[in-house]
Amino acid sequence: MAMKYSETVMEHFRNPRNVGEIPDADGIGEVGNPQCGDIMTFYIKVKDDKLDDVKFQTFGCGAAIAVSSMISEMAKGKPLDDAVAISNKAVAEALGGLPTNKMHCSNLGADALRAAIQSYRDKVAANLAEPPRVKVEPETDHDHEAEAVCHCPYCDLENPSDAPYCTSCGKPLDTH
Amino acid sequence: MKKIYMDHVAAAPVLDEALNAMLPYFKDNFGNPSSIHSLGEDAENALTDSREKVAALIGADPKELVFTSCGTESNNYALKGVALAYQEKGRHIITSSVEHFSIMHTVKALEKQGFPITYLPVDSTGMVDPAEVAKAITPSTILVSVQLANPEVGTIQPIKEIAGITKERGILFHTDAVAAVGHIPVDVKELGVDLLSLAGNTFYGPKGAGALWMRRGVRPAPLLDGGIQENGRRAGTENVPAIVGMGVAAQIAAKEMASRAEKMSKLRDKLIKGITGNIEEVLVLGHPIQRLPGTASVAVKYIEGESVLLFLDMEGVQVASGSACISRSLKVSHVMLAMGVEAATAQGSLLFSLGKDNTEEDVDRVIEVLPPIIKRLRDMSPLYRKAKKG
């Protein structure tokens, strides 16, 4: 399946900004699972309620890496409330658009950043020395493997990873 | 920049001899084989000639060969045809869990229509155990379908042993041999199968031509109803140029099979050695001995396949991957999961399928450019960080 990535996506893929870890991070957020093949971890430093530094680590495809890079660039220096409001649509737009079945990557990026900010807020609220790692994953009391969700490549809704068709738009998820 | 193409299982360049043989059938000799006049007769002769060439490649009687448009059609014809024609006898079908989608999704469709399906497990090399076939057979089993070789990991299945079992129990045995025909010796009599699928585009013929061989007496219901082409077994005006091309490619494949296989397996082994020697934590997939000569399938831990493919493409190297991000359904390859490869590791799948024209320089170049790409992606991977921290 040919990958129709924009020039901007390819540029962020080839030269991602802000890759790395922050050892004394103020907030750490994680999203994704091995089933879907995208995992992102965001680290933030907060000063005067603004994002002083943002770094990320990403395991994933071209879109995942580009999204992480773009969102880190968009968020750096912003007040926390503005950063939390960065939507996946805004990221996709800034990247010059993403192929339909890669739109979920922009969700992951936005979620990861918000998780990192939540982690910071939790740390502050509970007066912790270190930020709790906030992981975005579905609530389940079954084993994680079985309940892993993936996004429908057509309408972007979350579905259990072994669903034969999307419960929202009805398109078969089984097709390759 | 020179392109290094290593995705031959997806598509391969058509042989010059095949292309030249095809061209007259587009403009000068454009007849429909069903036409009575001499132009039609010429076209029919071309089909007969091609049929003999393709049949010879698999040790078959030409009369038992039906031309189709592709491997997928052959597989659909075999499965749906047998199911429909033999359903009074029973409805249970046995297949493996590592089949090509044209088998997997066809049996899933049959399952929805009330045909119970058993999916045989495979071991870590992707091989089916004949004993499992015997165990799975019930009084209502009408068909067993197991691929001859796996296009993703190259594992060659024990078809002869399975045929021994199906013959004994009187059950039809179909094999999807699309990935194998033209690359390893295939003889339908020796194998003992009842139906076999093949396609011309896998052995340097054009896209658009395939075939289903079925032993005399086996009568699957036709997939395409209509005119009486192919002796009433497959309606539709035949793609004469493509079939002619497939015939020529088949003839050359038979002649050059041994020399091609020797060259490709040497390159394949060098490639695997180079990759595993220069990159740590790489799984080599598929059976170490019973494998196709050109397939090198690996899974590189802690990184994802599509991102590797993008970087390789920038270096002019074209390969494939079984990662979830690559697939339209965003699911990791079922073949790797059936082999017990963890989803996270399977995401790092790289499928190199070499062809007869790949050179040692090609392999050396890949061995040179791949490790820095992997290092770059691992340096930004949270999974790699976690693993290294211990």
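Throughout, a chain's letter reflects where its sequence line sits, starting with A, and its residues are numbered from 1.
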Worksheet item: Which region of B:M314, side chain (C-beta onward) or backbone (N, CA, C, O), has a non-hydrogen atom less than 4.5 Å from a non-hydrogen atom of chain A, or is it both or neither?
Response: side chain
Fill in: Which portion of B:Y384 sits near chain A, non-hydrogen atoms under 4.5 angstrom
neither
Does atom [atom1] of [X] have more than 12 heavy-atom neighbours, drawn from other residues, nucleotides or ligands, at distances under 6.0 Å?
X	atom1	result
B:K2	NZ	yes
B:E111	CD	yes
A:K76	NZ	yes
B:E342	CD	no
B:K207	NZ	no

Worksheet item: By number, which residues in residues 370-383 of chain B have some heavy atom less than 4.5 Å away from chain A?
Response: B:R376, B:L377, B:D379, B:M380, B:S381, B:P382, B:L383
Worksheet item: For the residue pair B:L310 and A:Y5, what are the closest heavy atoms and their distance?
Response: CD1-CE1, 3.7 Å
Response to the item:
Per-residue tally against chain B (heavy atom, under 4.5 Å) across A:G37, A:G20, A:C61, A:G60 peaks at A:C61
Worksheet item: Which of the residues A:V19, A:I39, A:T41 is involved in the greatest number of heavy-atom pairs with chain B at under 4.5 angstrom?
Response: A:I39
Discussion item. Can you list the residues of residues 7-16 of chain A that sit under 4.5 Å from chain B, counting heavy atoms only?
Written reply: A:M10, A:F13, A:R14, A:N15, A:P16
Worksheet item: Is there a donor-acceptor pair under 3.5 Å between the side chain of A:Q57 and the backbone N or O of B:R385?
Response: no
